[in-house]
Amino acid sequence: MIYRLKKKSDFDKLFKKGKKGFSKSLTMLYFPSESFKIGYSVSKKHGNAVQRNRIKRLLRAAARNSFADLKRNYRIVIMPRVAEEYTFDRFLSDMNYLKKKENL
């Protein structure tokens, strides 16, 4: 089950103390924790509210598939990079790449 990261203080802790992982279309901040929580940060650079919400839906769907079998609990923030087109397959492959690269 995937729980959402909601509090501003949780996001701030990850931005200050979290480890960073980079791929072609995503930036991931993560930190070991007692429970698994994930949040998404999509800035206004990505377009209007409709476009940002679509990106968040794609990220949530990819995270459901990618982070279902983690070995430990983490707090994670996923941030997409600005691109012309955003696809589920691209997000899924980059999340799997980051998971493998960072040994999550």
Side-chain angles (χ1 to χ4, degrees):
M1 176 150 237
I2 294 180
Y3 297 99
R4 288 177 43 196
L5 196 63
K6 295 180 183 179
K7 293 182 182 178
K8 183 181 181 328
S9 61
D10 290 339
F11 276 93
D12 290 341
K13 284 178 192 174
L14 274 167
F15 281 113
K16 286 181 184 177
K17 297 181 181 179
K19 296 180 183 177
K20 294 180 182 180
F22 300 96
S23 70
K24 289 184 180 180
S25 69
L26 296 174
T27 301
M28 179 175 73
L29 300 166
Y30 65 96
F31 195 76
S33 177
E34 64 280 347
S35 63
F36 181 75
K37 289 192 176 188
I38 189 165
Y40 309 95
S41 178
V42 182
S43 69
K44 289 188 177 184
K45 294 177 190 175
H46 296 282
N48 63 20
V50 174
Q51 292 166 330
R52 292 193 308 269
N53 286 332
R54 180 179 181 275
I55 294 167
K56 286 188 267 188
R57 284 196 307 272
L58 291 172
L59 287 170
R60 280 189 209 108
R64 252 183 252 120
N65 291 337
S66 182
F67 295 121
D69 59 342
L70 286 180
K71 299 170 193 165
R72 295 181 54 198
N73 288 327
Y74 291 94
R75 299 220 174 176
I76 299 173
V77 173
I78 303 287
M79 298 177 292
R81 294 187 181 200
V82 177
E84 296 228 351
E85 185 178 349
Y86 302 94
T87 63
F88 171 78
D89 294 329
R90 184 69 182 161
F91 286 151
L92 183 62
S93 66
D94 280 351
M95 283 185 194
N96 287 329
Y97 167 77
L98 285 170
K99 188 170 75 170
K100 189 174 184 178
K101 179 181 169 188
E102 302 296 329
N103 289 328
L104 300 182

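Both backbone and side-chain heavy atoms feed into the values below; hydrogens, waters and symmetry mates do not.
Nearest heavy-atom pair, Tyr86 versus Phe91, reported as atom, atom and distance to 0.1 Å: CD2-CZ, 3.6 Å. Nearest heavy atom pair, residue Tyr97 against residue Phe22, reads CE2-O, 3.8 Å. Closest of all the heavy-atom pairs between Ile38 and Ala63 is CD1-CB, 3.9 Å. The heavy-atom pair separating Lys20 from Glu102 by the smallest distance is O-OE2, 3.9 Å. Nearest approach of Ala62 to Leu92, heavy atoms of both residues: O-CD1, 3.6 Å.
When hydrophobic side chains of Ile, Leu, Val, Met, Phe, Trp and Tyr are connected at separations under 4.5 Å, Phe31 ends up clustered with Leu5, Phe11, Leu14, Phe15, Leu29, Val77, Met79.
By the 4.5 Å heavy-atom criterion applied to side chains, Thr27 and Arg81 are counted as neighbours. With contacts defined as side-chain heavy-atom distances shorter than 4.5 Å, the pair Lys44/Arg52 qualifies. In this structure, the side chains of Lys37 and Ile76 stay at 4.5 Å or more apart for every pair of heavy atoms.
Asp94 contributes atom CG, which lies 9.0 Å from atom OG1 of Thr87 (distance to the nearest 0.5 angstrom). Note that CG of Leu98 is 12.5 Å distant from NZ of Lys100, once rounded to the nearest 0.5 Å.
We find that Arg75 and Glu34 are joined by a salt bridge, their nearest charged nitrogen and carboxylate oxygen being less than 4.0 Å apart. Classification of Asp10 and Lys6 as a salt-bridged pair fails, no side-chain N sitting under 4.0 Å from a carboxylate O. Between Asp69 and Lys99, at least one side-chain N (NZ, or NE/NH1/NH2) sits under 4.0 Å from a carboxylate O, which counts as a salt bridge. Using a 4.0 Å cut-off between charged nitrogen and carboxylate oxygen, Asp12 and Lys8 count as a salt-bridge pair.
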Practice prompt. Take Met95 and Ile78 through the side chain to side chain contact (heavy atoms under 4.5 Å, CB included) test and state the conclusion after the steps.
Written response: CA-CA 9 Å; Met95 283 185 194; Ile78 303 287; 4.2 Å; yes
Item to complete: Could you walk me through whether Arg72 and Leu104 pass the side chain to side chain contact (heavy atoms under 4.5 Å, CB included) test, one step at a time?
Response: CA-CA 7 Å; Arg72 295 181 54 198; Leu104 300 182; over 6 Å; no
Worksheet item: Should Val50 and Arg54 be marked as a side chain to side chain contact (heavy atoms under 4.5 Å, CB included) after you check the CA-CA gap, both sets of side-chain angles, and the distance that decides it?
Response: CA-CA 6 Å; Val50 174; Arg54 180 179 181 275; 5.8 Å; no
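Criterion: ILVMFWY side-chain heavy atoms under 4.5 Å apart, direct or through other members. Under it, Val42 and Val82 are part of a common hydrophobic cluster.
Using modelled atom types and a 3.5 Å distance limit, the side chains of Ser33 and Asn73 yield no donor-acceptor pair.
Only one option out of His46, Lys45, Arg90 pairs with Pro80 in a side chain to side chain contact (heavy atoms under 4.5 Å, CB included); it is His46.
Between Tyr30 and Tyr74, the angle of the ring planes goes over 60°, which puts this pair in the perpendicular group of the 30/60° scheme.
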